[in-house]
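One structure below.
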Protein chains: 2
Amino acid sequence: MKIETAVVALAALAQETRLSIFRLLVQAGKEGVAAGGLGEELGIPPATLSFHLKALSHAGLVKSRTEGRFVIYSANYAEMDKLIAYLTEHCCAGDAGQCAPVRKC
Amino acid sequence: MKIETAVVALAALAQETRLSIFRLLVQAGKEGVAAGGLGEELGIPPATLSFHLKALSHAGLVKSRTEGRFVIYSANYAEMDKLIAYLTEHCCAGDAGQCAPVRKC
DNA sequence: TTAACATTTCTATAATATTGGAAATGTAGA
DNA sequence: TCTACATTTCCAATATTATAGAAATGTTAA
């Protein structure tokens, strides 16, 4: 991942409304949630929601598919994986292991 | 970590100049680098550098100590660890394991 | 004390992001 | 086709962020 890509992804998540949307989508799993569902759940007006979904989408962090009148959004786990890998590799090295997430192996 | 804290940390890293500063500090290790050294390395004028260091500092991602006339900045690995843990926990769950950084255990 | 230097604060300007109402677009069912 | 509904685009107002010169602050060494 290039630094520009990382910056775009970080910027997409660096906003409370968008981070909330993304968290909700992560929780929802790969089934996803319709735009309207997100708006209702989080109390965001349609235009504002659409604006934020565009940012997340542009960053590649969410995918969308159309089902009839609904647009279903879902988290793109693969892209999030890449972002975390980037942060772990470039922003935690130097003193290796220091920032590795705790895992029971 | 609260969502507000995560947003502040993400916002601190969601800017190319600041992400570059942080990467450089991570590489530099716990010894750290003087503000002037960062400015010279990255070609950033003092006032601009100071502005960005303040943002990183406010997010808790960097620490600083004064040595004579120099202010030495260093990465706060612990805070970065917390951020990665937050992202892994809240933004990669739902379909557990999907986003876990690849590690050989 | 005085001069040199490192860094921050002050300040103004420019650029970018956020918000949400209203209108436009597209789809489904009557 | 006509109507209802979901979502997006358009637009304008507002807020926040980034940039960097100049001045201020603090520190060291002569």
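So you know, we letter chains A, B, ... as the sequences are listed, proteins then strands, and number each from 1. Every value quoted in this text rests on a predicted model; they were computed, and no experiment measured them.
To the nearest 0.5 Å, atom CD1 of residue A:Ile72 and atom CD of residue A:Glu67 are 4.5 Å apart. Atom CD of B:Gln27 sits about 11.5 Å away from atom CZ of B:Phe22, to the nearest 0.5 Å.
Using a distance-only test at 3.5 Å, with no hydrogens or angles considered, a donor-acceptor pair links the side chain of A:Asn76 to the main chain of A:Gly60. A donor-acceptor pair is defined here as one N or O able to donate and one able to accept, closer than 3.5 Å; such a pair exists between the side chain of B:Thr88 and the backbone of B:Ile84. Judged by distance alone, with hydrogens and angles left aside, the side-chain atoms of A:Ser20 form a donor-acceptor pair with the main-chain N or O of A:Glu16 at under 3.5 Å. Judged by distance alone, with hydrogens and angles left aside, the side-chain atoms of A:Arg23 form no donor-acceptor pair with the main-chain N or O of B:Ile3 at under 3.5 Å.
For C:dA17, the OP1/OP2 oxygens have no side-chain nitrogen or oxygen of A:His52 closer than 4.0 Å. A:Arg18 has a side-chain polar atom (N or O) that falls below the 4.0 Å cut-off from OP1 or OP2 of C:dT18. A sub-4.0 Å separation between OP1 or OP2 of C:dT19 and a side-chain N or O of A:Gln15 is present.
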With the criterion being N/O to N/O and under 3.5 Å, what pairs connect the protein with nucleotides 3-9 of chain C, and how long is each?
{"unit_1": "C:dC5", "atom_1": "O4'", "unit_2": "B:Arg69", "atom_2": "NH1", "d": "3.4"}
{"unit_1": "C:dT7", "atom_1": "OP1", "unit_2": "B:Ala35", "atom_2": "N", "d": "3.2"}
{"unit_1": "C:dT7", "atom_1": "OP1", "unit_2": "B:Val71", "atom_2": "N", "d": "3.2"}
{"unit_1": "C:dT7", "atom_1": "OP2", "unit_2": "B:Gly36", "atom_2": "N", "d": "2.5"}
{"unit_1": "C:dT8", "atom_1": "OP1", "unit_2": "B:Tyr73", "atom_2": "OH", "d": "2.5"}
{"unit_1": "C:dT8", "atom_1": "OP2", "unit_2": "B:Ser50", "atom_2": "OG", "d": "3.1"}
{"unit_1": "C:dT8", "atom_1": "O5'", "unit_2": "B:Ser50", "atom_2": "OG", "d": "3.4"}

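Distance CD1 (A:Ile21) to P (C:dT18): 11 Å, rounded to an integer number of Å. Counting to the nearest Å, the C1' atom of C:dT27 and the CZ atom of A:Arg65 are 17 Å from each other. What separates CD of A:Glu16 from C1' of D:dT16 is a distance of 16 Å, to the nearest Å. Separating the NE2 atom of A:His58 from the P atom of D:dT8 is a distance of 16 Å, rounded to the nearest angstrom. Here the P atom of nucleotide D:dA20 and the CG atom of B:Leu42 are 13 Å apart, to the nearest Å.
Ranked by how close their nearest DNA chain C nucleotide is to the 5' end, A:Ile44 and A:Thr66 are led by A:Ile44.
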